[in-house]
Amino acid sequence: MIRELEQFNRRHALFGRGDRIIVAVSGGADSVCLLELLYELAEKWELSLFVLHVHHGIRGEEADGDARFVEELAEERHIPFRLVKADVPAEAGRRGCSEEEAGRCLRYEALEQYRWEMEADRIAVAHHQDDQAETVLFHLFRGSGPRGLAGIPVRRGVIIRPLLFASRAGIQEYLERRGIAWRQDATNRELIYARNRIRHQIMPAAQEYINAEAGKHIAQAAEKLAGWRAYIERQGREAYSRCVTRERCRLSLKTELFLREDPVIQAEILGQIFAGMIEGARDVGQVHYDQIRNLFSAPAGKRIDLPGGLCAEKLYDGIRFRERENGGEEEPVCVVCRIPSEHIVERGGIVWRFVLEMKKREDLTEEITQKDYTKLFDYDMIKDSLMIRSPQREDYFVMDGAGRRKRLSRYYIDRKVPRSERPAQLVVAEGDHVLWALPDRISETYKITDNTERVLVITKERIP
C-alpha cells in the first residue's frame, strides 16, 4: 500500500518533500491507516506530521475512548497531538443545520486553525474509494449535475485525500496484517442516515448482483469526471470574463454574449455566479438554473428571488444579480426650490449639488450653454414652485410645440432604465410636468426660444 500511495501522490502532487502535514484522525480504520502510511513515509519524504482529533460532544464514554486512543496512537509515534472539544448539537442549533453538517464544519475549522498555528502546508483527511462511490451515488440520487458526480476532489486547496485510491476492505486488510487496532463508531451502522443506507444496503447489493468491483468503478468514473470538470471550469472562467461584468456588489450577465455560448458553458457561467455570490452555492438546484434561463425571455423589470438572499432582475440587455434589499427602496426625495437657491441631494449613494439661478438672456455666456451638466429653461414659463424630487406615477413631458405628452415611465423604458433603478432617479418638476429628467431630457414647454427674456439656469455637480 505504501507503493500505491506514492504512485497516487506522483499522479496528483498531493504533498512534497519536507511538507508539514496536519492529519485528521478520528480513530476509525481509514484515518488510522492514513496516519500509519504517512508515518512510514515521513523519514523518506522528510515530512513533519501533526495529529488533530475532534471530540464532538456526543456518544459519551465511547467518544472519550476515541480521544484517548488517538492520543496514545500519536504518542507512540512521537507525533504532536491536539484534542479539540466541541458541542456539535449546540452548534447545529446555532447554525440551523444537521449535527452531521455542523460536525463537518467544526472539524475543518479546527484543522485550518491548527494548520495556521503550526505553519503547516497540508491537511490530510482519510476519505477512501468507498467513500467516493457512496458520495457519487448520494449526489446522483439527489439530482446533482456533473459537479456533484465528480465526487470528492483529490485535492482542494491545502486539503488532500491521499487514500482515495484505496478500498475500505484494503485498508482494513492492511491494518490487520500489521496488527494495528482501530476504533469502531456505532453510528456508522445506524440506517437513519442516508449515506449509511447506501453503504450497508445499496452498495453491497450492487457488488453482489451487478459487479464485485462496483465501488472501484464508480470511484474511477468520478476521477475521470473530475478531469472533465476541471476542463469545463477553465472554459467557463474564460466565458465568464466575456459575459459578466461587476459593479460594486452586483453582477451583470449580457444576453447577447451569454446566448452565444454552448449550453454546457452557459450552465458553468451560472454556476460560477452562484458560487461567487452564495456561500457554498448552498440550496441552489436545477430549478434555479431553469428560472434564470426563463428570465432571458421575460420582460425587462421581471425579478426572481434566489437562495442566499440573492435576486436576479431582467434588464433590457441582460440579467443583473444582486443582494435583495433588507430595508426596501430608498425614501422618496422632494425638495421645494426657491430661485435663487442651492440644494444638496443624495440618491443611490451619490451626493449632488444643485444650483438654481435666474439670468437675463443677454447675460448668458457661451461657457454656460456648452456645459453638459447645466440646463437652461424659459423662466417665464414657470407658474408654480419647482421641486427636485423622485419620479411619480403621473409625471410627463411635453414632446413638441403641438403639446403632445409622453409619460416619464415611457421615457425610462426607452432609455432602458431598469425598473428597480427608477425610484433612485431624480427629476426637476413643476407639479406633474417634468422640466428635466436627469441627466438629459427636458420638456419642450420650458425650452428657451428667441422670445425668452429671462432664463432659469440649473447646474448640478457630483460631490466626491
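Values below: all heavy atoms of this structure, side chains included; hydrogens, waters and symmetry mates excluded.
Checked against ring pair (Phe, Tyr, Trp, His ring centres under 6.0 Å), H139 has no partners two or more places apart in sequence or in another chain. Partners of F296 under the ring pair (Phe, Tyr, Trp, His ring centres under 6.0 Å) rule, at least two apart in sequence or in another chain, are F258.
Taking the ring axis of Y396 as reference, the NZ or CZ atom of R405 stays within 45° of it and closer than 6.0 Å to the ring centre. Stacking of R441 on the aromatic ring of F397 is recorded, both the 6.0 Å distance cut-off and the 45° axial limit being met.
With rounding to the nearest 0.5 Å, the separation of CG in D395 from NZ in K406 is 14.5 Å. From Q392, atom CD reaches atom OG of S409 across 12.5 Å, with rounding to the nearest 0.5 Å. With rounding to the nearest 0.5 Å, the separation of CG in D384 from CE in M387 is 7.5 Å. To the nearest 0.5 angstrom, E238 atom CD is 11.0 Å from I269 atom CD1. Considering CG of D19 and CZ of R122, their distance stands at 5.0 Å, rounded to 0.5 Å. Separation of atoms CE (M118) and CD1 (I22) is listed at 7.0 Å; rounding is to 0.5 Å.
Between F81 and H53, the ring planes lie parallel to each other; the angle is under 30°, not in the 30° to 60° tilted range.
Inspection of the H56 and E91 side chains reveals no N or O donor paired with an N or O acceptor under 3.5 Å. In summary, the side chains of Q113 and E109 do not present any donor paired with an acceptor at a separation below 3.5 Å, with no hydrogens or angles considered. For the residue pair Q132 and R161, no side-chain donor N or O sits within less than 3.5 Å of a side-chain acceptor on the partner.
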Q. What's the verdict on side-chain contact (heavy atoms from CB on, under 4.5 Å) for D130 and E134, showing C-alpha distance, side-chain angles and the deciding distance?
A. CA-CA 6 Å; D130 294 71; E134 292 157 11; 4.0 Å; yes
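Here the closest heavy-atom approach between residue L356 and residue R338 is recorded as CB-O, 4.4 Å.
Side-chain rings of Y446 and H433 approach one another, their centers coming within less than 6.0 Å.
No side-chain heavy atom of L83 sits under 4.5 Å from any side-chain heavy atom of V54.
In the displayed structure, K447 atom NZ is contacted under 6.0 Å by more than 12 heavy atoms of other residues, nucleotides or ligands.
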